[in-house]
Amino acid sequence: IIVQGDSIKNIMQNACEFLVGARSYLECTIGILNEKTGEISPIARAGPLTHEKDWSITLDGDGDAPPCIIETVKSGKIEIINTKECDDCKFKREENIHTTVTVPMKRYDMVIGVIHIGFKDHVKIDEEEKSLLEEISDDLAFARDKILSEKDLEETKNRLELAMDASDHG
């Protein structure tokens, strides 16, 4: 249900809102790869303690994203961090977020985005929860690819029609 839609931004926003509403998450941010810039940056946010600071990161891990996001992009693995360890992070807040989990969004073993979630310590991320978050991440990556493919197909059809019209008149 959360991956139905006609725009990447809308699907990602719906996913953030779903994740915050379904669990006791205080924030959810989804960052997606912009093919033109080669950078991952936030496209959707939800939750009562949503972080509004923007960030961006290349696939090599260069950029101004929080260290937990940088590590996830570089490693391609889930990062779970107790925010008490985030003393040097410019994104650290004093609000009641105690733990974050960052889940890579991958296509063909390449990280194309992240789901970053903040929550209180009473919310536990066990193996089942990790598995569910990875499944959501995979579904969102698939939805992104589907929309981009449909857009490419439409552009190809338009170019073909223009070429055929030109050959009919030329």
Are [X] and [Y] linked, directly or through other ILVMFWY residues, by side chains that come within less than 4.5 angstrom of each other?
X    : Y    : answer
I70  : M105 : yes
F119 : I81  : no
F142 : M110 : no
I136 : I30  : yes

Taking side chain to side chain contact (heavy atoms under 4.5 Å, CB included) as the test, write out the residues that go with [X], two or more places apart.
X    : result
N34  : K36, T37
E134 : I78, V103
E35  : L33, R144, L148
N158 : E154, E161

Quick check on side-chain contact (heavy atoms from CB on, under 4.5 Å): which of [options] does [X] satisfy it with?
X    : options              : answer
S137 : L132, I115, I112     : I115
V114 : I69, T29, I57        : I69
V73  : T102, D62, T58, V111 : V111

TODO: Could you name each residue pair satisfying side-chain hydrogen bond (donor to acceptor under 3.5 Å, both in side chains) that touches residues 71-80, not counting sequence neighbours?
DONE: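 Qualifying pairs, neighbours excluded: none.
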Task: Partner set under salt bridge (charged side-chain N to carboxylate O under 4.0 Å, His left out) for K130, not counting sequence neighbours - done: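 So K130 forms a salt bridge (charged side-chain N to carboxylate O under 4.0 Å, His left out) with E127.
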Task: Under the salt bridge (charged side-chain N to carboxylate O under 4.0 Å, His left out) test, residues paired with D145 that sit two or more places apart - done: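 So D145 forms a salt bridge (charged side-chain N to carboxylate O under 4.0 Å, His left out) with R107.
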Does some side-chain heavy atom of [Y] sit less than 4.5 Å from a side-chain heavy atom of [X]?
X    : Y   : answer
I40  : I32 : no
T100 : P66 : no
I147 : I11 : yes

- [ ] Only pairs at least two apart or in different chains count here, so list each salt bridge (charged side-chain N to carboxylate O under 4.0 Å, His left out) that has a residue in residues 40-49.
- [x]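 Those involving residues 40-49 are R45-D54.
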Open item on the list: Whether the side chain of K106 engages the backbone of D138 through a donor-acceptor N/O pair (distance < 3.5 Å, no angle test) should be reported.
Closed with: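 No, K106 side chain to D138 backbone: no donor-acceptor pair under 3.5 Å.
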